[in-house]
Structures are given as C-alpha cells and as structure tokens.
Protein chains: 2
Amino acid sequence: MDEIEKVLKTHEVRPTAIRLLMYKFLKERNSAVTLNDIESGFDKSERTTLYRTIKTFEKNGLVHQIDDGTGVAKYALDEPEVGIGNSQDLHLHFHCTNCNETICLTDHKIPHISLPKGFVTQDMNLVLKGICDKCNES
Amino acid sequence: MDEIEKVLKTHEVRPTAIRLLMYKFLKERNSAVTLNDIESGFDKSERTTLYRTIKTFEKNGLVHQIDDGTGVAKYALDEPEVGIGNSQDLHLHFHCTNCNETICLTDHKIPHISLPKGFVTQDMNLVLKGICDKCNES
DNA sequence: AAGTTAATGCACTTAAGTTGCATAAATTTC
DNA sequence: GAAATTTATGCAACTTAAGTGCATTAACTT
Ligand SMILES: [Mn+2]
Ligand SMILES: [Mn+2]
Ligand SMILES: [Zn+2]
Ligand SMILES: [Zn+2]
C-alpha cells in the first residue's frame with residue numbers, strides 16, 4: 001500500500017483514500033475497466049468522484065483511456081515508464097466480442113504507416129476485435 | 001438520380017425520397033459525417049428517420065460506421081464493391097484534430113498483425129490522428 | 001491552530017443513441 | 001384499380017455515458 005502511495009506522489013497525485021483504492025483496483029485487473037466497472041467494484045462509490053479520480057489519473061499519466069469501439073470509455077494502468085518518452089500510447093488493444101473484455105497488448109506496437117503527402121500523424125489507435133485466448137480455450 | 005436508385009435497389013434498399021437524398025448527400029461529401037451533419041444538411045429532417053435510414057444503409061452494405069475516437073459515430077459511403085469479399089472494413093481512417101474531419105484512406109489497408117496464441121482476429125479498426133493535408137497547406 | 005488549497009458528494013445538465021407506437025406511404029394481392 | 005399487407009416515417013419518450021456547479025469536507029501549508 002505504501003508502494004502505491006509512492007507511485008501516486010511521483011505523478012503528483014495526492015494519495016487520498018479513494019485514489020489509493022482505485023489504483024489498487026486497477027492494478028488487480030488485467031483487462032481495461034469502464035467507469036461502471038469501477039463503480040461496481042467499490043462499496044463506497046460516488047460516480048462523480050470516481051469519474052474525476054480516473055480523469056486525474058489520466059491527466060497525470062497513471063492510466064490511459066482506451067476506445068475499443070463499444071462506445072464506453074475504458075481505462076487501464078500505464079506501464080511503469082522506463083524512459084522518459086511517452087511511448088505508452090502506441091501499443092494496440094484487443095477487444096473480445098465474446099466476453100467483452102479489452103486488454104492492452106503492450107508489447108505489440110502499432111506498425112508505421114506512410115501517409116499521403118501533407119498528412120502529419122500525431123497519434124494512433126489500433127483495436128483488434130475477435131475472440132480472446134480465454135474464450136477460445138473454453 | 002436514376003443512377004442512385006439503381007445502387008439502392010442493388011442493395012435491397014427501397015429508394016424512398018429521403019433515402020435518395022441522403023445517399024446523394026453522402027456522395028457529395030469526401031469526409032465522414034455524423035448524424036448531426038446529416039441533420040444539418042437537410043431542410044426536411046427528422047432525427048429518427050435519418051438515424052434509421054443510415055442504419056439501414058449500414059446493414060445493407062451501403063455505408064460503414066467509423067469510430068474515430070471523438071465519441072460520436074461517423075459514416076461514409078462504401079466503395080463500390082468490385083469483388084464479393086468484404087474487404088471494405090480493412091482500410092484505415094485519418095482524423096484531423098484541427099478541422100475535426102475524418103476521412104477514409106481506402107487504399108491504405110491495415111497491416112497484418114500477428115497475435116499471441118489463442119487470439120483470433122475478426123475485425124480491426126485503425127485510426128490515425130493528426131493534421132490533414134488541407135490544414136497543413138493553409 | 002488558523003488559513004488556504006484541493007477533494008468529495010450531491011444535484012443537475014447535456015448529448016448521442018435508441019425504442020414504441022400511431023400514421024402515412026409504398027407494394028402486393030385480388 | 002381497389003383492398004389488403006407490408007414497410008417507412010414522424011413524434012414522443014427513454015436510456016446511458018459523460019460532464020458541470022456548487023456547497024461541504026478533508027488535506028496541506030504557514
Ligand atoms: Mn493499453
Ligand atoms: Mn472508411
Ligand atoms: Zn473473451
Ligand atoms: Zn484538417
């Protein structure tokens with residue numbers, strides 16, 4: 001718990017009770033969560049606070065938002081930054097149409113795409129949809 | 001106009017007045033449109049009807065929906081199918097963060113990605129974000 | 001401890017998407 | 001071509017996620 005406190009402080013997020021709980025919650029998950037997931041996962045839960053908390057996490061580089069095409073935003077913890085550059089956003093995501101879970105494939109980077117003249121790329125989002133490993137083995 | 005009528009009929013969409021107008025509207029655009037765009041582009045406009053019309057188009061393979069990460073669905077005409085296979089969905093989209101327009105890059109296919117064992121891909125969505133050619137030259 | 005700043009809780013708002021149902025239009029059957 | 005049937009349209013209402021305003025509470029600073 002003291003470990004988490006350190007992480008938050010490093011990112012200039014003041015470690016309140018709810019924030020520590022939410023970080024812990026996110027850490028225990030291995031798939032991305034919606035705001036509803038978070039809300040359900042808490043006894044004490046106030047939509048707005050949880051919303052603002054996850055937004056604070058996002059702004060301060062603790063989580064990244066994932067748009068998997070389902071229409072609701074999902075969030076997942078950032079990988080602990082090794083270097084300084086923000087290579088966080090460039091991995092791809094897999095959304096299982098069976099179990100509805102979305103996971104980060106952090107070691108699968110988005111391949112480089114050469115665009116027509118005049119286009120400048122700042123960001124990318126690649127989502128693969130299909131059946132995940134868990135759903136396939138059962 | 002008679003040309004459009006043919007296209008609709010080919011896709012088993014009955015060519016009503018509104019449908020012909022909407023198809024024409026989509027054809028004149030070179031960027032993807034939201035339901036609001038469509039609504040604004042019509043004198044006579046009924047949200048629900050336009051909504052159901054675009055959904056009918058989608059279901060019958062006349063348009064495809066694009067999720068560019070802005071949170072609102074956009075739609076663009078499908079390319080006239082040459083073969084039978086549905087290679088429609090595999091091109092990428094570019095979303096300009098300056099003019100907010102999203103365009104289909106129909107000749108830029110999404111590169112093949114090899115996933116960990118157990119994952120089966122059925123569909124993909126790749127969106128590049130940045131500054132478009134028009135916004136760069138001005 | 002007092003003062004200051006930030007976080008939380010609650011109510012309320014916005015916006016996109018979607019459905020139910022009555023009416024109108026188009027298509028089919030006779 | 002009229003009646004019957006199917007489909008499309010218009011209007012109202014609902015759902016869900018996201019976001020804001022503001023008073024209260026907690027945390028941090030001096
Ligand atoms: Mn991720
Ligand atoms: Mn497209
Ligand atoms: Zn699954
Ligand atoms: Zn642009």
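Atoms considered below: every heavy atom in the structure, side chains included; atoms not considered: hydrogens, waters and symmetry mates. By convention in this document, chain letters (A, B, ...) are assigned in the order of the sequence lines, proteins followed by strands, and residues within each chain are numbered from 1.
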Could you check which of [options] has an atom nearest any side-chain atom of [X]?
| X | options | result |
| --- | --- | --- |
| A:Val72 | C:dG17, C:dT8, D:dA17 | D:dA17 |
| A:Leu35 | C:dG17, D:dG10, D:dA18 | D:dA18 |
| B:Lys55 | D:dT9, D:dA17, C:dT18 | C:dT18 |

Atom NZ of A:Lys134 with >12 non-hydrogen neighbours under 6.0 angstrom: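 Not more than 12 within 6.0 Å, no.
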Could you tell me the separation between the [atom1] atom of [X] and the [atom2] atom of [N], rounded to a whole number of Å?
| X | N | atom1 | atom2 | value |
| --- | --- | --- | --- | --- |
| B:Leu8 | D:dT7 | CG | P | 17 Å |
| B:Tyr23 | D:dA8 | OH | P | 18 Å |
| B:Phe42 | D:dT9 | CZ | C1' | 14 Å |
| B:Asp67 | C:dA16 | CG | P | 15 Å |
| B:Arg47 | D:dC11 | CZ | C1' | 13 Å |

Side-chain donor/acceptor of B:His64 to backbone N/O of B:Ala76, under 3.5 Å: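 Such a contact is found between B:His64 side chain and B:Ala76 backbone.
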Check: A:Asn60 side chain, A:Leu62 main-chain N or O, donor-acceptor pair, under 3.5 Å: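 Side chain of A:Asn60 to backbone of A:Leu62: no pair is present.
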Protein-to-nucleotide contact annotation, 5' to 3' order, nucleotides 20-30 of chain D [B base; S sugar-phosphate only; - none; under 4.0 Å, heavy atom]: BBB-----S--
